[in-house]
Amino acid sequence: MAKKKKISVDKSVKPLVKKAKDDGAGLVWDRLEDQSPPCGFGKLGLCCRLCAMGSCRINPLKEGEQRGVCGATAETIVARNFIRMIAAGAAAHSDHARGVADVFLAAAKGKIPGYEIKDDKKLYQVAMDFGVEIGERDSKDIAVDIGEKALAEFGRQEGEILFLKRAPLKRQEIWKKLGIAPRGIDREVVEIMHRTHMGVDQDYQNLMLQGSRCALADGWGGSMIATELQDIMFGTPQPIVGQVNLGVLKEDEVNIIVHGHEPLLSEMIVLASRDLELVKQAKEKGAKGINVAGICCTANEILMRHGIPITGNFLQQELAITTGAVDAMIIDVQCLMQSLADVAECYHTKLITTSYKAKFPGAEHIEFEEHDALNVARKIVRAAVDNYPNRKAKVLIPDEKTDMVVGFSHETINYLLGGLYRAAYKPLNDNIINGRIRGIAGVVGCNNARTVHDSDHLTMIKELIKNDVIVLTTGCAAIACGKAGLLTPEAAFEFAGDGLASVCETVGIPPVLHMGSCVDNSRILMAATAVVKEGGLGDDISDLPVAGAAPEWMSEKAISIGQYFVASGVFTVFGVTFPVLGSKKMKKLLFEEFEESLKGKWAFEPDPEKAAKLMIEHIDKKRKELGIDKARERVLYDMAARRELEG
Ligand code: NFS
Ligand code: SF4
């Protein structure tokens with residue numbers, strides 16, 4: 001067990017790691033040790049097992065060019081592996097979106113109770129994007145058309161996916177010119193599987209074009225559909241206060257954790273937990289009430305919309321159970337460690353799977369049936385209530401919890417900065433142009449057991465805001481920020497540079513804006529587009545002083561997100577490790593040549609401070625190209641002079 005090496009900067013982790021050891025529960029860091037060092041070929045992307053003549057690997061230390069048995073070169077093997085990761089990531093986001101679209105349509109048709117239209121404004125916006133007639137029509141009828149059009153996006157056979165039209169015109173032209181405008185969401189995933197099958201596409205550049213097209217089908221397709229339809233059904237997030245970290249668990253209440261990604265289920269669990277009959281039953285069992293909290297992205301979804309607390313991010317899933325206070329952990333899909341079943345076994349926790357797509361040996365399965373959603377949710381909550389008296393191990397809930405303000409959809413940024421009556425990105429653009437805000441960074445993504453938990457996120461983000469770069473965040477990165485107190489307006493005074501702090505003070509916002517779950521990275525695309533459309537900062541996303549990063553990434557979803565950011569014109573830096581390092585040609589393509597064709601590119605830098613510097617350099621380069629570098633020097637000079645006067 002990681003005795004010498006620091007494993008987290010989060011104070012809640014250490015006592016629970018010790019408790020797990022005492023209780024005989026194995027954790028991710030124990031297994032990491034067993035799995036170290038990782039396979040060097042796989043890590044560099046140089047292992048191919050796509051056919052039974054292999055598996056083949058290219059040894060980077062050997063002299064001369066090496067080939068797979070079929071003749072495949074290093075760059076072909078690396079590129080195939082890389083875009084298969086994109087396909088898997090895009091599939092995960094988009095299959096989630098399909099589930100949302102299914103429920104959306106059924107709800108609009110009045111076939112399932114419990115779901116409704118909460119945001120009419122967004123309904124009309126999406127209707128316009130999809131070419132659905134509005135006129136005098138009833139919202140329900142409009143919603144039926146939207147649901148049908150959304151579902152058709154997955155199997156679309158002709159034309160292009162509809163949300164592409166939301167992008168700046170120049171961006172759309174770039175996609176057209178390169179032939180990478182996605183045609184249908186499922187089609188791009190399938191085509192990757194075809195083209196990477198043994199003996200098909202052998203040209204790494206051509207493979208990467210398809211990788212870009214599939215990733216775009218995720219960002220501007222699947223993920224965007226998930227975000228938009230969820231907003232219409234559950235409400236577009238608005239700033240709301242919440243709490244985060246393991247200290248949100250309550251010793252004297254029934255604790256239910258929802259873990260995974262789909263708000264369809266967690267929304268219903270939240271409703272059921274407020275059912276007076278169930279609360280009464282909980283009291284009869286000796287508990288004071290029912291406490292629902294989340295982990296990973298489903299947590300972000302219900303936090304943003306209802307202020308439901310978050311227990312932690314990806315690397316805290318086992319630790320939550322280790323507290324001994326979790327009566328049920330409800331899981332759906334994605335980022336669920338199989339070890340949860342073993343850890344739950346050491347305690348009294350009921351692990352309940354709910355999706356036919358994700359079953360766990362050792363877990364109880366209660367299938368989430370959308371048509372009977374609330375009743376299923378009640379059944380699940382009852383199982384947790386019934387389990388409360390079975391607590392057996394000592395309960396240890398770390399005293400860590402932090403307040404935060406979350407819920408910054410790109411629409412709320414619009415209102416907050418522009419005011420309700422003249423909602424606009426103009427004030428944001430003005431502050432970028434005058435230099436108070438140096439630029440915008442999207443810092444997103446996972447935790448990874450191979451890095452110190454949360455550390456790289458926080459180091460990078462603090463460096464960025466110190467240098468007046470406002471940070472937009474989602475996913476597990478956002479949860480890390482919440483725990484560290486970066487999601488409060490006060491954080492601006494403590495951590496942000498003078499320019500950014502002065503804007504945060506005027507508007508009353510944190511220097512780091514929590515925009516939601518990982519599918520909500522589509523909100524960042526929309527925010528960037530809104531900045532372009534507001535004017536004054538060029539005519540494409542690639543002209544903006546913006547950069548993206550995922551310093552602790554681990555999942556294939558993150559690779560898909562990174563590629564759609566790059567293919568949308570964003571300079572994007574990943575940490576930890578990068579699965580193309582085994583091929584010089586792939587490195588050159590991704591780290592250099594993409595800047596010519598896509599006007600965005602990748603970088604790999606495991607040191608978060610250096611990575612932040614790369615992002616700031618890029619931002620400054622863009623400021624210079626826009627001719628607004630001098631304005632920033634003036635404003636900083638003025639602020640320094642004013643401070644001197646005040647002092
Ligand atoms: Ni995103 Fe959300 Fe976290 Fe990574 Fe997993 S929870 S979808 S993949 S680990 S940020
Ligand atoms: Fe080896 Fe080629 Fe088969 Fe891959 S596809 S396992 S490189 S023979």
Side-chain angles (χ1 to χ4, degrees), residues 28 41 45-58 66-81 84-85 88-97 195-202 218-219 222-223 226-227 258-263 266 294-301 303 310-317 331-337 442-449 451 453-454 457 473-482 514-522 524 549-562 574-576 582-583:
V28 60
F41 298 105
L46 287 171
C47 160
C48 183
R49 34 164 290 278
L50 294 183
C51 88
M53 295 195 292
S55 51
C56 303
R57 66 223 173 279
I58 306 289
Q66 297 164 65
R67 304 273 187 134
V69 175
C70 68
T73 55
E75 60 274 14
T76 299
I77 292 174
V78 167
R80 286 195 302 215
N81 288 335
R84 279 196 168 208
M85 293 182 85
H93 289 141
S94 302
D95 209 34
H96 163 175
R195 284 165 67 165
T196 58
H197 182 277
M198 190 276 151
V200 188
D201 198 350
Q202 317 290 344
D218 175 356
S223 285
T227 296
V258 284
H259 172 21
H261 284 77
E262 300 188 339
S266 49
I295 286 191
C296 284
C297 280
T298 209
N300 287 323
E301 301 274 8
L303 163 76
I310 294 194
T311 330
N313 47 10
F314 177 72
L315 281 178
Q316 285 170 290
Q317 54 186 292
I331 56 180
D332 54 18
V333 291
Q334 300 172 22
C335 302
L336 317 165
M337 292 193 198
V443 182
V444 307
C446 324
N447 291 140
N448 187 318
T451 68
H453 174 226
D454 289 350
H457 286 304
T473 183
T474 59
C476 290
I479 300 175
C481 291
H514 186 331
M515 296 189 84
S517 64
C518 287
V519 290
D520 292 337
N521 284 317
S522 61
I524 301 184
E552 297 180 32
W553 79 279
M554 64 86 200
S555 78
E556 292 170 310
K557 289 179 283 178
I559 292 290
S560 179
I561 293 166
F574 270 37
V576 195
S583 158

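Residues take their numbers from the sequence shown, with the count starting at 1. For the numbers below, each heavy atom of this structure counts, side chains included, while hydrogens, waters and symmetry mates do not. Ligands are counted one by one from 1 in listed order, and the atoms in each one are counted from 1 as well.
Heavy-atom distances between R80 and ligand 2 reach below 4.0 Å in at least one pair. The shell of residues lying under 4.0 angstrom from ligand 1, judged by heavy atoms, excludes H93.
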- [ ] Before giving the answer on side chain to side chain donor-acceptor pair (under 3.5 Å), spell out for E552 and N448 the whole-Å C-alpha distance, their side-chain angles and the decisive distance to 0.1 Å.
- [x] CA-CA 5 Å; E552 297 180 32; N448 187 318; over 6 Å; no
TODO: Would you please test H261 and C335 for side chain to side chain contact (heavy atoms under 4.5 Å, CB included) and show each step?
DONE: CA-CA 8 Å; H261 284 77; C335 302; 3.7 Å; yes
TODO: Could you check N300 against T474 for side chain to side chain contact (heavy atoms under 4.5 Å, CB included), going step by step and ending with a plain yes or no?
DONE: CA-CA 8 Å; N300 287 323; T474 59; over 6 Å; no
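Excluding waters, the set of protein N/O/S atoms under 2.8 Å from atom 1 (Ni) of ligand 1 reads C518 SG.
Contact atoms of ligand 2 toward G54: 6 (S) (distance under 4.0 Å to a heavy atom of the residue). Taking every non-hydrogen atom of M554 and a distance limit under 4.0 Å, the qualifying atoms of ligand 1 come out as 9 (S). Near V69, meaning under 4.0 Å from one of its heavy atoms, ligand 2 places the atoms 1 (Fe), 8 (S). Less than 4.0 angstrom separates some heavy atom of G68 from each of these atoms of ligand 2: 7 (S). Interface of C56 with ligand 2, defined as ligand atoms under 4.0 Å from a residue heavy atom, comprises 1 (Fe), 6 (S), 7 (S), 8 (S).
With a 4.0 Å cut-off on non-hydrogen atoms, R67 does not touch ligand 2 at all.
Side-chain contact of H96 with K557: a donor-acceptor pair under 3.5 Å is absent, judged by distance alone.
Every residue two or more places apart in sequence or in another chain that forms a salt bridge (charged side-chain N to carboxylate O under 4.0 Å, His left out) with R67 is listed here: E65.
Summary of contacts: the protein heavy atom closest to atom 2 (Fe) of ligand 2 is C70 SG, 2.3 Å.
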